[in-house]
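Starting from 1, each residue takes its place in the sequence as its number. All values below were derived from every heavy atom in this structure, side-chain atoms included, with hydrogens, water molecules and symmetry-related copies excluded.
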Amino acid sequence: MSNHPFIKANYPHHEGIWGWEQAADQVVMMVRNIRRSMVEYHDILWDIGYAKTWDEATLNLDNLYSERPPMEDFLEWRDLRVFDEIQWYGWFIDYWMEGGLMRDIFTHQLTTPEHWYMLMMPTVYTREELDYDTVVGNQTVTPSFDPHCTNGDVTDGCEPVAVISAEKLRDYDDGPAETTAIANVLLNDDRTGQYVIAQEAWDCIWEELIVNGKGLKTVFDRPGFVEEDYNFSSEMLEEMINELTRLINKYTGPDWNTKETAQKVTLLLFEHRSLIQTELAQVLAEEEAGTRKLSDKDFLGPRERANRRKTTDKTVDPVSEGIHAKYFQDLDAKIWKARQKDMKHRALESAREERIKQRAVRLVRKAMREESKAASPKKKALKKMQ
């Protein structure tokens with residue numbers, strides 16, 4: 001399958017698959033700031049043409065990180081999906097930390113295998129069809145685990161042996177230590193430890209990759225907008241804080257607080273929450289002072305939109321009323337159609353440039369052949385004279 005020490009996976013997200021069978025035998029969970037995850041997740045979706053399946057995504061992998069999507073595309077996607085994506089973020093962490101325990105994405109309650117497999121196919125079912133009360137209701141739910149985590153695909157189960165911070169890995173102060181944590185995962189495993197290079201070279205590798213920018217393209221190579229260009233409403237930031245608080249309370253509880261991985265998760269989430277709380281305070285202050293004014297086209301969230309409807313006679317917004325399944329599908333289709341048009345235009349431009357290049361090559365070669373033919377009689381005449 002692979003001779004790499006790590007295999008990147010998005011599983012159990014519906015855009016990822018358990019494609020490595022039993023080739024990988026332990027889990028290292030990478031945790032990224034939830035706010036940054038929202039922006040970069042959209043940008044990657046844009047790169048791959050808003051693909052909804054693993055097969056569709058792999059067709060466009062060469063487009064990754066090459067450019068920054070138009071801000072309008074991000075804003076449209078954000079207004080459509082961001083509340084659900086916040087819950088997905090916490091669900092992903094819970095899945096791995098709890099060793100594949102099946103939970104509902106939106107309520108985080110234990111769920112049945114039937115419901116969990118439906119959640120793994122959100123492009124097949126509408127949000128209403130996935131509703132916990134609709135599918136599970138008041139039936140007694142016993143804990144169920146993803147079979148991949150219990151049938152020996154991972155010898156010791158799916159719970160991570162280490163937790164790594166994506167932000168710290170690139171930080172000039174914390175990066176070497178985070179690299180050491182990754183290296184130690186390999187060093188402490190009898191199957192890989194003998195192949196790990198000497199420790200004195202670890203910092204050198206980090207410096208070459210991060211400081212000197214060598215290696216494959218990453219999200220940090222993407223040109224265009226910077227993080228400060230993307231903003232969220234107070235309601236959105238509050239929802240992020242609520243989800244981070246839920247996770248922090250859970251993994252600092254007595255069932256978890258003695259585990260090193262849980263300690264690392266909560267340390268990171270504390271830091272992320274603090275940054276978002278600071279941003280929220282600034283947003284609220286700007287709203288109070290009137291220096292931050294949102295139009296109806298801005299990301300408002302259900303609460304703010306409901307407040308605005310009280311003072312207007314506008315038609316009820318189907319998204320804020322929860323009647324949003326068809327709205328989601330229509331907007332997804334709209335975004336995808338626009339992206340397809342852009343990708344087709346780029347493909348045509350690339351093909352045109354390639355044709356011009358090939359034509360220039362042919363003309364140069366033709367000129368060289370003609371020059372060679374013209375020079376040949378002169379060479380023969382010169383030989384006769386000699």
[X] [atom1]: over 12 foreign heavy atoms closer than 6.0 Å:
| X | atom1 | result |
| --- | --- | --- |
| Asn249 | CG | yes |
| Tyr195 | OH | no |
| Gln139 | CD | yes |
| Leu216 | CG | no |

Starting at [atom1] of [X], measure out to [atom2] of [Y] and round the result to the nearest 0.5 Å.
| X | Y | atom1 | atom2 | answer |
| --- | --- | --- | --- | --- |
| Leu45 | Asp73 | CG | CG | 11.5 Å |
| Leu110 | Glu98 | CG | CD | 7.5 Å |
| Asn257 | Lys250 | CG | NZ | 14.0 Å |
| Glu271 | Thr266 | CD | OG1 | 10.0 Å |
| Ser234 | Glu279 | OG | CD | 10.5 Å |
| Asp25 | Thr155 | CG | OG1 | 3.0 Å |

Test applied, ring pair (Phe, Tyr, Trp, His ring centres under 6.0 Å); reference residue, His42; option that passes from Phe74, Phe225, Tyr230: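 That would be Phe74; it is the only one of Phe74, Phe225, Tyr230 passing the ring pair (Phe, Tyr, Trp, His ring centres under 6.0 Å) with His42.
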Residue pairs, two or more places apart or on separate chains, that pass ring pair (Phe, Tyr, Trp, His ring centres under 6.0 Å) and touch residues 261-280: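 The answer is none; no pair qualifies.
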query: Taking only residues two or more places apart in sequence, or in another chain, which ones meet Arg32 in a salt bridge (charged side-chain N to carboxylate O under 4.0 Å, His left out)?
result: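 Residues passing salt bridge (charged side-chain N to carboxylate O under 4.0 Å, His left out) with Arg32: Glu167.
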- request: Applying salt bridge (charged side-chain N to carboxylate O under 4.0 Å, His left out), name anything that partners Glu114, two or more places apart in sequence or on another chain.
  value: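 Salt bridge (charged side-chain N to carboxylate O under 4.0 Å, His left out) check on Glu114 returns nothing, list empty.
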Do [X] and [Y] make a side-chain contact, defined as non-hydrogen atoms from C-beta onward lying under 4.5 Å apart?
| X | Y | result |
| --- | --- | --- |
| Leu280 | Gln277 | no |
| Tyr89 | Val31 | yes |
| Met71 | Asp229 | yes |
| His115 | Gln109 | no |
| Pro69 | Arg222 | yes |
| Ile164 | Val185 | no |
| Phe232 | Met240 | yes |
| Tyr125 | Val135 | no |

Full working for side chain to side chain contact (heavy atoms under 4.5 Å, CB included) between Asp47 and Asn60: CA-CA 7 Å; Asp47 290 339; Asn60 296 300; over 6 Å; no
Under 3.5 Å: donor-acceptor pair, side chain of [X], backbone of [Y]:
| X | Y | value |
| --- | --- | --- |
| Glu178 | Ser165 | yes |
| Lys264 | Val163 | yes |
| Arg78 | Asn231 | yes |
| Glu239 | Met236 | no |

ring-ring contact (aromatic ring centres under 6.0 Å, His included) partners for [X], two or more places apart:
| X | result |
| --- | --- |
| Tyr65 | none |
| His14 | Trp88 |
| Trp256 | Tyr251 |

Locate the shortest heavy-atom distance separating [X] from [Y]; write the atom from each residue and the value.
| X | Y | answer |
| --- | --- | --- |
| Val211 | Trp206 | CG2-CZ3, 3.7 Å |
| Asp189 | Gln26 | OD2-NE2, 3.5 Å |
| Trp91 | Trp116 | CZ2-NE1, 3.6 Å |
| Pro176 | Asp203 | CB-OD1, 3.6 Å |
| Thr192 | Leu186 | OG1-O, 2.7 Å |

When hydrophobic residues are tied together by side-chain contacts of less than 4.5 Å, even through go-betweens, does [X] share a cluster with [Y]?
| X | Y | value |
| --- | --- | --- |
| Leu61 | Ile44 | yes |
| Leu267 | Met29 | no |
| Leu269 | Leu275 | no |
| Met121 | Met118 | yes |
| Trp18 | Ile7 | yes |

Criterion side chain to side chain contact (heavy atoms under 4.5 Å, CB included) on Leu187 and Gln199, from CA distance to verdict: CA-CA 10 Å; Leu187 187 64; Gln199 186 169 355; 5.7 Å; no
query: Does any pair with a residue in residues 210-221 pass salt bridge (charged side-chain N to carboxylate O under 4.0 Å, His left out), and if so which ones, sequence neighbours excluded?
result: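 Every salt bridge (charged side-chain N to carboxylate O under 4.0 Å, His left out) pair that includes a residue of residues 210-221, provided the two are not neighbours, is Glu208-Lys214.
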field: Pairs flagged by salt bridge (charged side-chain N to carboxylate O under 4.0 Å, His left out) wherever residues 132-159 is involved - sequence neighbours left out
entry: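 Residue pairs with at least one partner in residues 132-159: Glu159-Lys259.
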Disulfide bond (SG atoms under 2.5 Å apart): pairs with one or both residues in [range], sequence neighbours excluded:
| range | result |
| --- | --- |
| residues 168-218 | none |
| residues 242-279 | none |
| residues 113-200 | Cys149-Cys158 |

field: Partner set under side-chain hydrogen bond (donor to acceptor under 3.5 Å, both in side chains) for Asp131, not counting sequence neighbours
entry: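 Partners of Asp131 under the side-chain hydrogen bond (donor to acceptor under 3.5 Å, both in side chains) test: Thr134.
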- prompt: For Ile34 and Arg273, what are the C-alpha separation, side-chain angles and deciding distance, and is it a side chain to side chain contact (heavy atoms under 4.5 Å, CB included)?
  reply: CA-CA 9 Å; Ile34 186 172; Arg273 186 177 66 175; over 6 Å; no
task: Give the ring-plane orientation class for Trp96 versus Phe92, where under 30° counts as parallel, over 60° as perpendicular and anything between as tilted.
output: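 Aromatic pair Trp96/Phe92 classed perpendicular.
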query: Stepwise, does the side chain to side chain contact (heavy atoms under 4.5 Å, CB included) test hold for Tyr117 with Met102?
result: CA-CA 9 Å; Tyr117 286 116; Met102 295 181 177; 4.1 Å; yes
- prompt: Are Tyr41 and His13 close enough that a side-chain donor and a side-chain acceptor fall under 3.5 Å?
  reply: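 A pair is found: one side chain offers a donor N or O, the other an acceptor, under 3.5 Å apart.
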- request: Would you check if there is a donor-acceptor pair between the side chains of Asp104 and Thr111 at a distance under 3.5 Å?
  value: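 Asp104 and Thr111 do not have a side-chain donor-acceptor pair below 3.5 Å.
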